[in-house]
Amino acid sequence: MYQAPKGTHDILPEDWPYWRHVMAVAEEMAALFGFERMDVPIFEATELFERGAGEGAAVVVDKEMYTFQDKGNTSLTLRPEFTAGLMRAYLEHGMKVRPQPVKLYTIGPIFRQERPQAGRYRQHTQWNVEVVGELDPAVDFEVMSIAWSLFVRLGFRGLAFQINSIGCNAVDCRPRYIEALKAYYEPHRAELNEVDRRRLDVNPLRLLDSKEDASQKLLHDAPRSSDSLCPECRAHFQTLLGYLDQANMPYSINPRLVRGFDYYTKTVFEVWAEGIGAQAAVCGGGRYDGLIELLGGPSTPGIGFGSGIERLILTLKAQGATPPVLSRPVVQVSYTGKDEIGRQAKLAALDLVRELRSLGVGALLPFGERSLKSQLKAADKAGVQWVVIVGEGELAGGEWSVRSLSDGSQQTIARTALPAWLHSHIGVE
RNA sequence: GUGACCAUAGCUCAAUUGGCAGAGCACCUGGUUGUGGCCCAGGAGGUCGUGGGUUCAAGCCCCACUGGUCACCCCA
């Protein structure tokens with residue numbers, strides 16, 4: 001038997017109500033905040049993602065990307081994120097001539113070859129929101145607000161922002177902070193395990209979200225990036241926190257919240273919700289003022305976030321939320337009879353469902369040679385309100401039987417009057 | 001990539017010391033010629049994840065692989 005590739009999932013009919021609900025609310029929020037949808041290809045030139053990730057992360061990134069050669073020997077990669085592709089499109093279409101900032105969102109699958117675990121898949125679907133071309137902290141606030149609004153609208157409980165500023169690449173900002181961090185940890189090198197010693201050498205910021213016991217103890221007194229910001233980054237951060245205060249949006253400054261890639265600057269944030277254990281974050285984002293320049297464009301600020309739909313649905317289910325019910329057909333047209341009468345009845349049923357559907361009335365047609373009993377059972381399971389029965393007596397009299405499945409009552413209605421009658425009785429019990 | 005646990009019908013799970021493959025739900029049919037839900041009866045549905053090995057005999061023991069879950073690594 002074939003099975004879906006590791007880390008991928010089928011979305012079954014019974015899951016679709018959740019998907020439709022989450023996507024509809026995301027679209028609704030985008031409209032409310034004035035974001036426009038823009039879609040980018042599912043694969044891009046490999047180099048885009050490699051350069052987007054920066055030198056330091058290239059090795060790690062390569063390892064987890066789905067990269068392949070096409071028949072023209074071009075190296076392509078299934079997108080492992082949205083931001084790089086969206087910024088490529090921003091540059092390619094000269095979007096800097098549009099009114100700034102450009103507010104974009106997109107929804108679609110992204111691909112990373114990681115070991116699957118709860119809420120983490122090799123193919124997952126992300127809602128991604130970006131604002132390009134404006135440095136105002138109010139933009140940071142706007143982006144955080146749209147994420148927040150989505151989760152509130154979905155009814156999530158236990159919501160809280162985690163926020164931090166990791167500064168910029170100015171010498172008196174993050175570089176100075178990283179030196180301070182190294183200076184703090186270096187005397188304790190012997191206490192660290194192998195993984196954290198490697199972090200100390202390669203990516204000291206990552207020591208901050210280490211889950212190792214020894215590092216946990218050291219964390220309490222470790223220097224905080226938000227205390228080591230240059231004047232500009234400090235002012236940006238303080239202004240943003242002021243906006244959050246004024247809006248009464250709950251946050252905690254999390255000095256351990258960092259990002260792995262060099263182009264991230266200033267604001268980083270996540271939203272945490274009750275629900276699915278180790279993966280508490282329902283969205284993660286940050287400011288990337290260095291990215292567009294890294295891709296060969298003019299220095300342009302940007303900020304955005306991504307939120308995994310699968311994880312949102314897991315959270316919805318864990319919190320016991322149910323998506324809105326979908327409208328389903330309310331009528332079934334059943335037919336019965338032997339030989340020529342059966343054929344006539346089936347033809348009449350075909351005509352009636354066609355007419356009902358053209359009036360916008362959802363109608364089901366049973367198939368095969370099932371007994372009337374079997375057809376009624378199926379109607380019950382399908383949840384229809386009315387069953388029209390066409391058989392020998394009905395054909396002879398020109399009046400068709402209409403049975404209400406809710407109370408079992410049954411009446412006859414003239415054939416010509418039936419579509420209008422049903423149309424006016426939809427939803428009426 | 002590392003570690004732990006796991007894999008039997010569509011789903012949830014049984015199967016004694018290694019000795020005939022099972023249940024509930026779901027699906028189909030029937031319970032008198034044309035009437036749903038409840039009930040009753042019957043039916044269909046399995047390479048016991050895959051491939052090797054041990055054994056007279058393997059769902060059960062051993063090995064490998066594939067996949068799942070959880071945590072780590074990493075997290076654009």
Side-chain angles (χ1 to χ4, degrees), chain A residues 1-9 12 14 48-54 56-65 77 79-87 110-122 124 126 128 193-196 198-199 202-203 206 209-212 257-264 268 270 276-279 281 284-286 288 291 294 304-306 308 332 334-338 341-342 345 366 368-395 401-410:
Chain A
M1 279 280 272
Y2 290 109
Q3 47 192 171
K6 183 174 185 164
T8 66
H9 289 87
L12 300 179
E14 53 269 34
L48 174 69
F49 298 120
E50 287 175 337
R51 290 191 54 194
V59 177
V60 170
V61 160
D62 280 347
K63 217 171 65 178
E64 298 193 348
M65 293 199 307
T77 294
R79 62 188 180 201
E81 56 153 331
F82 270 120
T83 309
L86 290 168
M87 294 312 107
I110 67 172
F111 306 85
R112 297 177 190 174
Q113 191 165 349
E114 302 176 289
R115 187 86 167 252
Q117 71 186 74
R120 255 175 66 161
Y121 310 114
R122 293 189 165 186
H124 84 272
Q126 202 172 81
N128 199 263
N193 70 4
E194 188 184 344
V195 168
D196 281 338
R198 196 174 70 239
R199 286 181 170 128
V202 175
N203 197 348
R206 280 284 161 199
D209 62 358
S210 171
K211 292 167 182 89
E212 303 296 335
L257 190 62
V258 294
R259 288 281 109 105
F261 292 157
D262 294 343
Y263 57 74
Y264 276 101
V268 295
E270 293 183 351
I276 50 175
Q279 315 290 332
Y288 47 85
L291 177 57
L294 201 63
F305 69 84
Q332 174 175 296
S334 291
Y335 48 90
T336 182
K338 288 182 190 286
I341 290 180
E369 303 305 321
R370 304 227 164 125
S371 65
L372 184 58
K373 172 177 183 163
S374 171
Q375 293 182 40
L376 279 161
K377 274 189 179 180
D380 187 54
K381 280 172 189 149
V384 307
Q385 293 174 42
W386 308 98
V387 176
V388 176
I389 299 169
V390 184
E392 184 168 10
E394 287 81 2
L395 286 170
S401 302
V402 181
R403 182 178 181 82
S404 163
L405 286 198
S406 52
D407 62 14
S409 66
Q410 194 162 316

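A note on names: the letters A, B, ... follow the listed sequences, proteins ahead of strands, and every chain is numbered from 1. This one's a predicted model, so the numbers in the text were calculated from it and none came from an experiment.
For the atom pair Ile389(A) CD1 and Gln332(A) CD, the distance stands at 9.5 Å (nearest 0.5 Å). Considering CG of Asp380(A) and CG of Leu405(A), their distance stands at 6.0 Å, rounded to 0.5 Å. The distance from the CE atom of Met87(A) to the CG atom of Leu294(A) is 13.0 Å, given to the nearest 0.5 Å.
For the pair Arg206(A) CZ and C75(B) P, the interatomic distance rounds to 4 Å; values are reported in whole Å. The distance from atom CD of Glu14(A) to atom P of U12(B) is 12 Å, rounded to the nearest whole Å. Rounded to a whole Å, the CD atom of Glu64(A) is 13 Å from the C1' atom of C72(B). Whole-Å rounding puts the Asp209(A) CG to A71(B) C1' distance at 15 Å. What separates CD of Gln410(A) from P of U35(B) is a distance of 11 Å, to the nearest Å. Nucleotide C40(B) holds its P atom 13 Å from the NZ atom of Lys377(A), rounded to whole Å.
Residue Lys373(A) places a side-chain atom within donor-acceptor reach of the base of G31(B), judged by atom type and a 3.5 Å distance cut-off alone. No hydrogens or angles were tested; on distance alone, a donor-acceptor pair under 3.5 Å links the side chain of Arg120(A) to the base of C74(B).
Arg112(A) is not listed as a side-chain neighbour of Arg120(A), based on a closest heavy-atom distance of 4.5 Å or more.
Gly306(A) comes within 4.0 angstrom of no nucleic acid atom, judged by non-hydrogen atoms across all strands. Base engagement by Glu394(A) is indicated by at least one non-hydrogen atom pair under 4.0 Å involving a base atom. Base engagement by Arg115(A) is indicated by at least one non-hydrogen atom pair under 4.0 Å involving a base atom. Residue contacts for Ser334(A): at a heavy-atom cut-off of 4.0 Å it reaches no nucleic acid atom on any strand shown. Residue Lys6(A) is classed as a sugar-phosphate contact, given heavy-atom separations below 4.0 Å to backbone atoms only. Within 4.0 Å (heavy atoms only), Gly337(A) reaches no atom of the nucleic acid at all. Gly383(A) comes within 4.0 angstrom of no nucleic acid atom, judged by non-hydrogen atoms across all strands. Base engagement by Glu392(A) is indicated by at least one non-hydrogen atom pair under 4.0 Å involving a base atom. In this structure, Gln3(A) reaches the sugar-phosphate backbone alone: every heavy-atom distance under 4.0 Å involves primed, P, OP1 or OP2 atoms, never a base. Residue Arg370(A) is in sugar-phosphate contact alone, with no base atom involved, counting any heavy-atom pair closer than 4.0 Å across all strands shown. Within the nucleic acid shown, Phe82(A) has no heavy atom closer than 4.0 Å to any nucleic acid atom.
Using atom P as the reference point in both C61(B) and A7(B), the two lie 10 Å apart (nearest Å). Rounded to whole Å, the separation between the P atoms of U8(B) and G59(B) comes to 15 Å. Spacing of C1' atoms, U47(B) relative to G31(B), comes out at 37 Å, to the nearest Å. Between the P atoms of G53(B) and G10(B), the separation comes to 28 Å (whole Å). With both ends at atom P, the span from U35(B) to U29(B) equals 14 Å, rounded to whole Å. C25(B) and A57(B) have their C1' atoms separated by 34 Å, given to the nearest Å. Comparing the C1' positions of G45(B) and A23(B) gives a spacing of 14 Å, expressed to the nearest Å. As rounded to the nearest Å, C65(B) and A71(B) have C1' atoms that lie 23 Å from one another.
Across the strands present, U29(B) finds its partner in A41(B); the criterion is a Watson-Crick or G-U wobble pair with both atom distances under 3.5 angstrom. Pair assignment for G46(B): none, as no Watson-Crick or G-U wobble contacts are both less than 3.5 Å. Both distances falling under 3.5 Å, in either a Watson-Crick or a G-U wobble arrangement, place C5(B) opposite G68(B). Base pairing of G18(B): no nucleotide in any strand meets the Watson-Crick or G-U wobble criterion (both distances under 3.5 Å).
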Next on the checklist: Go through it in stages, so that I can follow the logic: the residues are Ser334(A) and Leu372(A), the test is side chain to side chain contact (heavy atoms under 4.5 Å, CB included), and I'd like the CA-CA distance, side-chain angles, deciding distance and then a yes or no.
Outcome noted: CA-CA 7 Å; Ser334(A) 291; Leu372(A) 184 58; 3.9 Å; yes
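Checking the phosphate oxygens (OP1, OP2) of A71(B), a side-chain nitrogen or oxygen of Gln117(A) falls inside 4.0 Å. For Ser374(A) and G36(B), the shortest distance from a side-chain N or O to OP1 or OP2 is not below 4.0 Å.
When all heavy atoms are compared, the tightest approach of Ser401(A) to Gln410(A) is CB-NE2, 3.7 Å. The minimum heavy-atom distance between Glu270(A) and Ala281(A), with the atom names listed, is OE1-CB, 3.7 Å. Phe82(A) and Gln126(A) make their closest contact through CE1-O, 3.6 Å (heavy atoms, listed as atom of the first residue, atom of the second, distance).
Closest to the side chain of Ile389(A), out of G68(B), C73(B), U35(B), is U35(B). Taking only side-chain atoms of Arg403(A), from C-beta outward, the nucleotide of C74(B), G36(B), A76(B) with the closest atom is G36(B). Here the side chain of Lys381(A) is nearest to one of C27(B), U35(B), U69(B), namely C27(B).
Both Arg112(A) and Gly393(A) lie near RNA chain B, and the one whose nearest nucleotide falls closer to the 5' end is Gly393(A). Two residues, Thr83(A) and Pro5(A), neighbour RNA chain B, and the one matched to the more 5' nucleotide by heavy-atom proximity is Pro5(A).
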